[in-house]
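Keep in mind it's a predicted model, so treat the numbers as computed, not measured.
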Amino acid sequence: MNIIDGKKIAKQIREDIANEVKTFERPPGLAVLLVGEDPASAVYVRNKELACIEAGFFSDKIMKSENTAQEELLDEIERLNNNPRIDGILVQLPLPSHIDANKVIEHISPDKDIDGFHSENIGKLAQNKSNLRPCTPKGIMTMLASIGCEVRGKDCVVVGASNIVGRPMALELLNAGGTVTICNSKTKDPAEKTRNADIVVVGVGIPKLVKGDWIKDGAIVIDVGINRLDDGSLVGDVDFDAIKQKAAGITPVPGGVGPMTIATLLENTVIAYKESL
């Protein structure tokens with residue numbers, strides 16, 4: 001068993017970025033927009049803000065009320081698009097139901113879209129020539145590289161087909177030479193698909209969906225899920241205890257993929273900063 005320690009890998013990335021930023025003429029600027037008062041979103045934004053400050057970035061946190069009109073939010077994004085101090089713009093999801101998240105994402109300049117969600121950046125990822133790549137899948141590729149996992153020629157299964165994780169994750173694995181299968185909610189017998197996989201990435205938001213008998217000996221298992229149970233404990237989308245003895249590598253929850261997402265966000269901001277020069 002090999003626990004893939006996302007906290008440790010992310011810490012090194014953040015230290016490297018902080019050292020690099022000291023050599024820049026000005027600090028990279030990241031603006032984070034938070035609409036409403038979702039408690040989980042507030043925690044995520046706070047963690048991102050702290051990571052920015054620690055890395056020596058200029059951080060601009062913009063809070064908007066739950067009933068903010070969509071046009072007002074788009075105007076705010078336009079202002080940030082035109083602000084030379086801001087290299088990256090991040091809109092914390094989910095947004096209130098009256099706001100069209102796709103329209104908001106598409107309004108962000110592709111050059112400042114450090115989440116990598118703009119259709120132009122996703123299109124570049126699909127063509128294997130991307131610059132700003134979605135943070136969670138990109139972070140997972142960094143984790144795989146850190147343990148010496150060669151994706152080329154491997155059978156890879158992605159469980160979950162979201163725009164944030166599943167779809168870009170499949171593209172990342174495909175670009176790295178993997179043979180990729182995506183399972184969605186309509187997939188017949190997903191366990192049969194994962195059972196033959198060398199690399200399994202799971203991001204569906206269902207606690208312990210992937211059981212021990214879904215995974216073959218020696219597979220690499222990446223758990224993107226984070227779910228809070230009634231007793232207050234946090235678990236992932238895979239049954240960690242049932243799988244950890246048979247997997248060649250597995251990410252814990254918490255302390256696996258989560259820290260890598262924030263570290264990759266910083267990486268993307270540095271990329272956007274350099275591209276703006």
Can you name the closest pair of heavy atoms from [X] and [Y] and give their distance?
X	Y	value
Ser109	Asn81	N-OD1, 3.0 Å
Met143	Gly6	CE-CA, 3.7 Å
Phe57	Val270	CZ-CG2, 3.8 Å
Ile114	Ala272	CG2-CB, 4.2 Å
Asn196	Lys216	O-NZ, 3.7 Å
Gly139	Thr264	CA-OG1, 3.3 Å

Between [atom1] on residue [X] and [atom2] on residue [Y], distance to nearest 0.5 Å:
X	Y	atom1	atom2	value
Asp239	Leu209	CG	CG	10.5 Å
Ser233	Arg228	OG	CZ	8.5 Å
Asp60	Leu33	CG	CG	8.0 Å
Ile77	Ile108	CD1	CD1	5.0 Å
Ser276	Ile271	OG	CD1	12.5 Å
Ile89	Ile105	CD1	CD1	12.5 Å

Checking [Y] against [X]: is there a side-chain donor and acceptor pair closer than 3.5 Å?
X	Y	answer
Asn121	Asn131	no
Asn268	Lys138	yes
His107	Glu78	yes

Under 4.5 Å between side-chain heavy atoms, hopping through other hydrophobics if needed: is there a path connecting [X] to [Y]?
X	Y	answer
Val159	Met141	no
Val224	Val204	no
Leu174	Ile199	yes
Ile3	Val253	no
Met63	Ile53	no

For [X] and [Y], indicate whether the former's side chain and the latter's backbone hold a donor-acceptor pair under 3.5 Å.
X	Y	value
Glu150	Arg152	yes
Lys246	Gly212	yes
Glu37	Glu66	no
Ser162	Val165	yes
Thr23	Asn19	no
Asn184	Ala161	no
Asp237	Ile206	yes
Lys61	Val45	no
His118	Asp111	no
Lys112	Leu80	yes

Between Tyr273 and the options Asp87, Leu30, Ile86, the side-chain contact (heavy atoms from CB on, under 4.5 Å) test singles out Asp87
Exactly one of Asn2, Asp223, Ile215, Ile243 should register a side-chain contact (heavy atoms from CB on, under 4.5 Å) with Ile250. Which one does? Ile243
Using side-chain heavy atoms (C-beta onward) and a distance below 4.5 Å, is [X] in contact with [Y]?
X	Y	answer
Phe117	Asn163	no
Val157	Val201	no
Asp198	Ile220	no
Asn47	Ile262	yes
Glu76	Arg79	yes
Ile222	Val257	yes
Ile140	Glu172	no
Leu125	Pro134	yes

From CA spacing to verdict: side-chain hydrogen bond (donor to acceptor under 3.5 Å, both in side chains), Gln12, Asp16: CA-CA 6 Å; Gln12 186 60 57; Asp16 291 345; 2.9 Å; yes
Go through it in stages, so that I can follow the logic: the residues are Lys274 and Glu20, the test is salt bridge (charged side-chain N to carboxylate O under 4.0 Å, His left out), and I'd like the CA-CA distance, side-chain angles, deciding distance and then a yes or no. CA-CA 12 Å; Lys274 289 177 178 177; Glu20 186 181 9; 2.5 Å; yes
Could you walk me through whether Trp214 and Val200 pass the side-chain contact (heavy atoms from CB on, under 4.5 Å) test, one step at a time? CA-CA 10 Å; Trp214 287 36; Val200 179; over 6 Å; no
Has [X] got more than 12 heavy atoms of other residues, nucleotides or ligands less than 6.0 Å from its [atom1]?
X	atom1	answer
Tyr44	OH	no
Lys7	NZ	no
Asp230	CG	no

Could you give me the CA-CA distance, side-chain angles and deciding distance for Arg195 and Glu192, then say whether salt bridge (charged side-chain N to carboxylate O under 4.0 Å, His left out) is met? CA-CA 5 Å; Arg195 225 170 263 134; Glu192 181 191 5; over 6 Å; no
Please report the C-alpha distance between Val104 and Leu74 in whole Å, then the side-chain angles of each, then the deciding distance to 0.1 Å, and finally whether the side-chain contact (heavy atoms from CB on, under 4.5 Å) criterion is met. CA-CA 6 Å; Val104 169; Leu74 294 178; 4.2 Å; yes
Quiz item: cation-pi between Arg26 and Phe58, 6.0 Å / 45°: no
Cys156 vs Thr179, test: side-chain contact (heavy atoms from CB on, under 4.5 Å). Steps then yes/no. CA-CA 6 Å; Cys156 310; Thr179 302; over 6 Å; no
Steps toward side-chain contact (heavy atoms from CB on, under 4.5 Å) verdict (Met260, Ile13): CA-CA 9 Å; Met260 292 299 299; Ile13 291 170; 3.8 Å; yes
